[in-house]
Amino acid sequence: ITLHGDRWFTIELPFIGSKMLAVTNLGGLSAAGCHAHGGGEVTQGENGVDEGRAASDACPVQSVGHLDLHGRPEHSWTRIVETAQPGDTRLKLAEPVGWQVGAKCVVTPTERGTREEVRRVAALEDGGLTLVLDAPLDYLHLGIWHWHDADAAPSDLRAAVGLLERNVLFRGDDASAERGNAYQFGAHLGAFHGGVLRVENVEFFRTGQAANLGRYNFHWHHLAMAGRTVDVIDKAYIHNCSIHDTFQRAVVCHGTNYCNIQHNVAYRAKGHNFFTEEGPEKFALIEHNLAVAAVPHPLLLGDDINAAGFWLPGFTGWHRHNLASACPRGWKLSKQAGPGLLQTDFSFLNNSAHLCGFGWRLFPPHQPPTPNTFGTFTAFRCGTCMFYYSSGNINHIDHRFLECTRAIHLNHYMNGLHDEPFFTDAVLVGNIDPDATSAAPGTGLAVHSPKDNEYWLVSGVHVSNYWDTPVLHGCKQTACTMRYERTTWVNSSHRTLLKPSPLTGIFHDMDGTLTGFPNGWVTYDEEFNHFDDGVCTWDDPRFPEGMVCGFADGSVRMRRLYVHGQEPWQLDNKLLEVVSDAGNDTVVFDTKKLYGWAVPAIANRTYDMRVADPNDFQQLSWQYGTHPYVFDAHGYLCVPEEAAALNETCHWTQLNRTRVQPVIERLTLHP
């Protein structure tokens with residue numbers, strides 16, 4: 001099916017467009033018909049007469065358009081099960097395929113500095129489990145699971161191979177690929193304000209219309225909004241399709257409930273690939289899709305410059321078993337005003353991102369109104385594997401980050417002291433090579449926790465093969481507290497990155513797996529905490545430039561002492577001299593967030609503070625920790641030896657542990 005036309009002279013239907021294969025239940029192609037983008041405004045008939053019908057009323061048209069396109073059933077994509085070396089022409093597949101000889105396919109990259117490769121099918125062997133290519137491969141493509149030690153399940157790092165050509169082809173004309181009036185003005189397929197649109201085993205090529213918002217490759221538009229027909233799964237699906245070399249977003253679900261998007265391949269589609277558009281959409285199933293090399297789109301919205309394999313307007317829909325490969329963004333959530341802000345039923349399970357700029361990125365700040373749980377996510381060799389500008393109310397369970405330039409980066413955090421962990425049972429791998437003695441090239445600091453929230457909590461993290469590359473960092477602007485429990489360390493000698501400027505936070509080891517004893521504390525080495533009773537040590541090679549404080553009975557607390565509100569103004573930007581029985585040191589003035597000084601102070605110790613300036617304090621304020629830390633019961637008491645005797649572990653979900661009551665922590669001022 002080839003559609004012809006150009007962007008200047010082809011007649012366009014109102015609200016639908018041109019060069020279009022479309023169905024609708026619009027009820028008249030005018031503003032006086034049934035078209036509405038929500039609201040409740042009253043429609044006008046001829047001469048402006050009020051017809052007494054709101055835009056939210058059901059459309060009176062009874063005839064609903066149907067469009068069914070069904071090609072020869074094919075297996076759209078699968079993984080390889082043996083690593084393919086440069087020069088190989090055979091791929092061992094996880095599932096048998098029946099692809100036609102001569103058909104194009106794409107093999108996803110797994111090595112930094114390489115890219116996807118397109119070949120044709122030369123033959124099938126072993127009942128479809130071996131794919132013979134028409135030309136040798138240029139790059140290595142992994143076909144392995146990475147096996148961690150006994151404390152973590154394996155991670156799937158296998159390359160994918162996807163079919164690009166089908167026996168039913170929907171495309172734009174040759175002119176859409178040539179300079180002229182039709183350049184990048186491809187064909188568009190959609191359903192508008194009702195209608196049945198079901199497509200499977202179809203190839204899309206030269207589709208979508210650049211610089212023409214809303215004219216995507218495949219598009220459901222308002223099938224369930226403003227009182228129109230409430231769509232169901234058997235009326236809106238796209239299955240097992242190949243969408244490649246296009247001029248617009250691949251598949252868009254807009255104002256439509258129950259969109260069913262399964263087993264599709266998108267390759268070199270411009271802009272975001274699998275796209276839930278506005279926010280009111282409910283129950284969209286986006287499952288087992290492959291997005292490869294999404295192309296930045298400068299002729300759409302600014303957001304499409306960093307094209308995502310999968311794009312979300314809020315916490316809505318079901319994303320399961322998908323793979324984004326070599327995309328600027330694997331997943332991107334960008335909150336949209338309106339109903340999208342209230343969506344909170346988001347299912348995220350067993351998805352993967354390979355060699356993406358960001359594996360997952362949320363910006364601007366947003367958190368679901370109610371707690372959400374994300375299931376397994378594997379990010380491999382991405383720039384930043386998971387990025388949040390600011391969020392909370394999410395528990396990420398079984399997330400794996402392997403050879404990432406940065407595994408986790410969270411600027412700001414919205415959780416409180418008693419909320420669930422942001423990560424549970426995370427896996428961090430610095431190098432998948434079992435014979436390596438350093439982190440892989442390109443692998444950097446693993447966890448950059450929030451700059452300015454006191455209640456960061458990770459329950460369970462397995463760290464391996466980072467060697468002397470630091471793993472944990474955070475609270476660099478407010479010297480806040482970061483809580484960890486159930487940590488496991490394999491071939492990773494430098495556990496934290498500690499610096500005096502910007503500020504260094506305080507790591508709270510809740511169960512002893514970070515420091516060696518429950519309620520251990522780690523922060524930057526300051527002379528005024530060198531007490532001679534053994535409460536702190538400062539020569540632990542696991543924490544370069546740091547110190548470990550606490551006693552084995554868990555009785556010691558370290559908190560941030562926030563010194564601020566200083567007068568006169570001449571004290572600003574000066575060093576704070578801190579003196580104790582242990583020694584003296586200086587603390588830098590912070591202008592970024594605190595506009596004051598942050599002193600890591602041990603409970604029930606005495607510190608003398610004055611500014612390195614001829615002026616003395618005329619006015620000053622202190623804040624010791626936070627009210628919940630000092631006055632609320634929080635955390636759990638669990639002795640590892642006692643748990644082992646019961647064949648149990650110190651896990652945050654265990655009910656047999658006792659909540660830790662506050663210890664005596666009060667700030668006493670001595671003028």
Side-chain angles (χ1 to χ4, degrees), residues 71-82 84 88-110 114-122 124 128-135 137-139 141-143 156-170 199-205 207 217-218 238-246 250-251 261-270 273-274 286-295 307-310 320-327 330 350-356 378 380:
R72 181 176 54 240
E74 301 280 10
H75 202 108
S76 59
W77 68 280
T78 186
R79 304 261 195 162
I80 64 174
V81 296
E82 291 183 8
D88 284 354
T89 58
R90 281 174 167 77
L91 298 176
K92 299 292 185 179
L93 307 182
E95 300 156 288
V97 300
W99 298 347
Q100 300 298 301
V101 171
K104 281 185 178 180
C105 60
V106 59
V107 186
T108 63
T110 58
T114 68
R115 57 170 300 168
E116 75 284 351
E117 301 190 66
V118 175
R119 298 291 185 270
R120 292 191 179 273
V121 177
L124 295 174
L129 286 170
T130 299
L131 173 64
V132 183
L133 305 175
D134 68 327
L137 293 169
D138 295 328
Y139 307 117
H141 300 266
L142 290 176
D156 191 355
L157 308 183
R158 298 174 296 168
V161 54
L163 181 62
L164 297 180
E165 293 185 339
R166 304 302 188 92
N167 71 314
V168 173
L169 170 61
F170 177 71
V199 179
E200 60 184 347
N201 296 298
V202 172
E203 177 187 352
F204 290 74
F205 175 55
T207 45
N217 302 285
F218 182 96
I238 178 170
H239 293 165
N240 292 299
C241 289
S242 302
I243 306 164
H244 66 96
D245 299 289
T246 71
V251 177
I261 305 166
Q262 293 180 284
H263 314 299
N264 302 286
V265 176
Y267 171 55
R268 292 195 59 78
K270 286 192 173 179
N273 283 192
F274 298 98
I286 301 175
E287 184 175 63
H288 194 252
N289 299 286
L290 174 63
V292 185
V295 179
F310 302 85
R320 303 171 181 170
H321 315 299
N322 302 289
L323 170 61
S325 176
C327 298
N350 194 35
N351 297 294
S352 299
H354 292 181
L355 274 77
C356 294
T378 301
F380 178 46

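Worth saying up front: this structure is predicted, and the values here are computed from it rather than measured. Heavy-atom basis, side chains included; hydrogens, waters and symmetry copies ignored.
- With hydrogens and angles left out, the side-chain atoms of Asn240 and His263 include no donor and acceptor closer than 3.5 Å.
- In this structure, CG on Leu129 lies 8.5 Å from NZ on Lys92, to the nearest 0.5 angstrom.
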Original post:
Is there a side chain to side chain contact (heavy atoms under 4.5 Å, CB included) between Asp134 and Val121 once you walk through the steps?
Top reply: CA-CA 6 Å; Asp134 68 327; Val121 177; over 6 Å; no

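- The shortest non-hydrogen separation linking Cys241 to Val199 is SG-CG1, 3.8 Å.
- In this structure, Phe218 and Phe204 have perpendicular ring planes: the angle between them is above 60°, well past the 30° mark.
- Not counting sequence neighbours, the partners of Asn167 by the side chain to side chain contact (heavy atoms under 4.5 Å, CB included) test are Arg72.
- The stretch residues 156-168 participates, sequence neighbours left out, in these salt bridge (charged side-chain N to carboxylate O under 4.0 Å, His left out) pairs: Arg79-Asp156, Arg120-Glu165, Asp156-Arg158.
- Without hydrogens or angle criteria, Asn322 side chain to His288 main chain gives a donor-acceptor distance under 3.5 Å.
- Between Asp138 and Glu117 the shortest heavy-atom distance is N-OE1, 2.7 Å.
- For the pair Cys327 and Ala293, the tightest heavy-atom approach, listed with the atom from each and the gap, is SG-N, 3.9 Å.
- In this structure the side chain of Leu323 reaches within 4.5 angstrom of the side chain of Trp77, judged on heavy atoms.
- Leu91 CG to Leu93 CG: the interatomic distance, rounded to the nearest 0.5 Å, is 6.5 Å.
- With hydrogens and angles disregarded, a donor-acceptor distance shorter than 3.5 Å links the side chain of Asn201 to the backbone of Glu74.
- Rounded to the nearest 0.5 angstrom, Leu157 CG and His354 NE2 are separated by 6.0 Å.
- Note that CD of Glu287 and CD1 of Ile261 are 11.5 Å apart. Values are rounded to the nearest 0.5 Å.
- Legend: residues meeting side chain to side chain contact (heavy atoms under 4.5 Å, CB included) with Arg90, ordered by chain and number and at least two apart, are Glu125, Thr130, Val132.
- With sequence neighbours excluded, the residues that form a side chain to side chain contact (heavy atoms under 4.5 Å, CB included) with Ala266 are Ala250, Asn273, Phe274.
- Rounded to the nearest 0.5 Å, atoms CD (Glu95) and OG1 (Thr78) are 3.5 Å apart.
- Checking each of Val251, Asn289, Val265 against Ile243 for a side chain to side chain contact (heavy atoms under 4.5 Å, CB included) leaves exactly one that passes, namely Val251.
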Listed pairs under 3.5 Å, donor-acceptor, residues 96-110 side chains, sequence neighbours left out:
residue : atom : partner : partner atom : Å
Trp99   : NE1  : His75   : O            : 2.6
Thr108  : OG1  : Ala160  : N            : 2.8
Thr108  : OG1  : Ala160  : O            : 3.3
Thr110  : OG1  : Leu142  : N            : 2.9

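- Residues passing the side chain to side chain contact (heavy atoms under 4.5 Å, CB included) test with His239, sequence neighbours excluded: Glu200, Tyr237, Asn260, Gln262.
- For the residue pair Tyr267 and Arg115, the shortest heavy atom distance occurs at OH-NH2, 4.0 Å.
- Under the 4.5 Å side-chain criterion, counting only non-hydrogen atoms from C-beta, Thr89 is not in contact with Leu137.
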